[in-house]
Amino acid sequence: MEEYPELMPLLTVAGGPMRGASFRLRADPQVIGRAPTGHVVINDPHLSRRHAEVWLAPEGPSLRDLGSTNGTWLNDRRITGTERLSDGDVIRIGRTELRLFDPGVAHTDPVGLRFGPPRRDVRPTLPLPLAAPPTARR
């Protein structure tokens with residue numbers, strides 16, 4: 001899977017101050033929090049400096065709370081230990097909501113996912129001509 005990074009699970013900020021940001025999971029744990037020394041820095045004042053960590057274990061994506069003040073929530077359930085993640089899971093930390101997309105097990109095909117070298121037989125999209133504005137009558 002390393003040769004195709006687009007197949008690595010992806011966490012996307014679905015709600016909160018950094019909506020739209022995303023990052024790929026790796027085998028080594030990635031600390032999520034406010035601390036600038038963390039792997040995934042989220043500017044949410046309701047997060048602990050080292051709030052939670054995620055990683056890609058051999059059995060699949062995993063999540064662990066790091067003793068945060070406000071807790072880590074997985075699908076509206078507060079977690080206390082290590083939890084396995086599944087495609088579509090929602091993680092809430094502070095006022096930030098993260099959504100997991102795991103292309104290796106997803107039931108849908110994401111738009112724009114490409115494998116191999118770029119195709120050269122694709123014609124560029126051209127804009128449609130616009131109709132001329134109506135002329136004023138006298």
Side-chain angles (χ1 to χ4, degrees):
M1 201 178 301
E2 296 291 328
E3 62 271 9
Y4 294 110
E6 58 271 7
L7 288 179
M8 302 296 282
L10 179 74
L11 269 180
T12 301
V13 179
M18 296 182 62
R19 185 178 178 144
S22 62
F23 61 96
R24 299 263 177 206
L25 271 60
R26 302 185 307 237
D28 54 320
Q30 295 170 280
V31 174
I32 304 171
R34 284 185 299 117
T37 56
H39 300 99
V40 180
V41 179
I42 297 179
N43 297 321
D44 180 343
H46 300 278
L47 259 65
S48 296
R49 293 177 59 75
R50 293 176 44 88
H51 198 99
E53 65 182 357
V54 292
W55 67 96
L56 185 57
E59 58 276 353
S62 299
L63 169 71
R64 178 184 311 131
D65 181 70
L66 296 176
S68 62
T69 304
N70 293 327
T72 300
W73 300 76
L74 176 60
N75 299 325
D76 294 325
R77 179 179 53 84
R78 188 171 184 162
I79 65 167
T80 55
T82 300
E83 295 278 336
R84 280 249 341 250
L85 299 174
S86 300
D87 182 54
D89 277 350
V90 176
I91 301 166
R92 188 168 40 85
I93 52 177
R95 300 255 169 101
T96 300
E97 186 175 285
L98 303 160
R99 190 170 303 260
L100 179 76
F101 172 66
D102 190 348
V105 297
H107 296 288
T108 60
D109 217 8
V111 175
L113 190 61
R114 302 272 191 268
F115 296 102
R119 291 176 45 183
R120 299 283 183 216
D121 62 338
V122 177
R123 287 183 251 147
T125 304
L126 299 174
L128 293 173
L130 297 175
T135 57
R137 293 184 182 195
R138 290 186 183 207

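- For residues 29-43, no residue pair satisfies the salt bridge (charged side-chain N to carboxylate O under 4.0 Å, His left out) rule, not counting sequence neighbours.
- The backbone N or O of T96 lies less than 3.5 Å from a partner atom in the side chain of D44, making a donor-acceptor pair.
- Residue D76 places its CG atom among 12 or fewer non-hydrogen atoms of other residues, nucleotides or ligands, all under 6.0 Å distant.
- With hydrogens and angles disregarded, a donor-acceptor distance shorter than 3.5 Å links the side chain of N70 to the backbone of H46.
- A donor-acceptor pair under 3.5 Å links the side-chain atoms of H39 to the main chain of V31, judged by distance alone.
- Heavy-atom minimum distance, D65 versus G71: OD1-C, 3.9 Å.
- Between E97 and R19, none of the side-chain N atoms (NZ, or NE/NH1/NH2) sits under 4.0 Å from a carboxylate O, so this pair counts as no salt bridge.
- Summarising the geometry of R84 relative to L74, their closest heavy-atom pair is O-CD2, 4.2 Å, with the distance given to 0.1 Å.
- A side-chain donor-acceptor contact under 3.5 Å links T82 and R64.
- No more than 12 heavy atoms of other residues, nucleotides or ligands shown are found within 6.0 angstrom of CZ on R95.
- Of the residues listed (D89, I93, V54), the one engaging L63 in a side chain to side chain contact (heavy atoms under 4.5 Å, CB included) is V54, and it is the only one.
- Side-chain atoms of S48 come within 3.5 Å of backbone atoms of T69 as a donor-acceptor pair (strictly under, hydrogens ignored).
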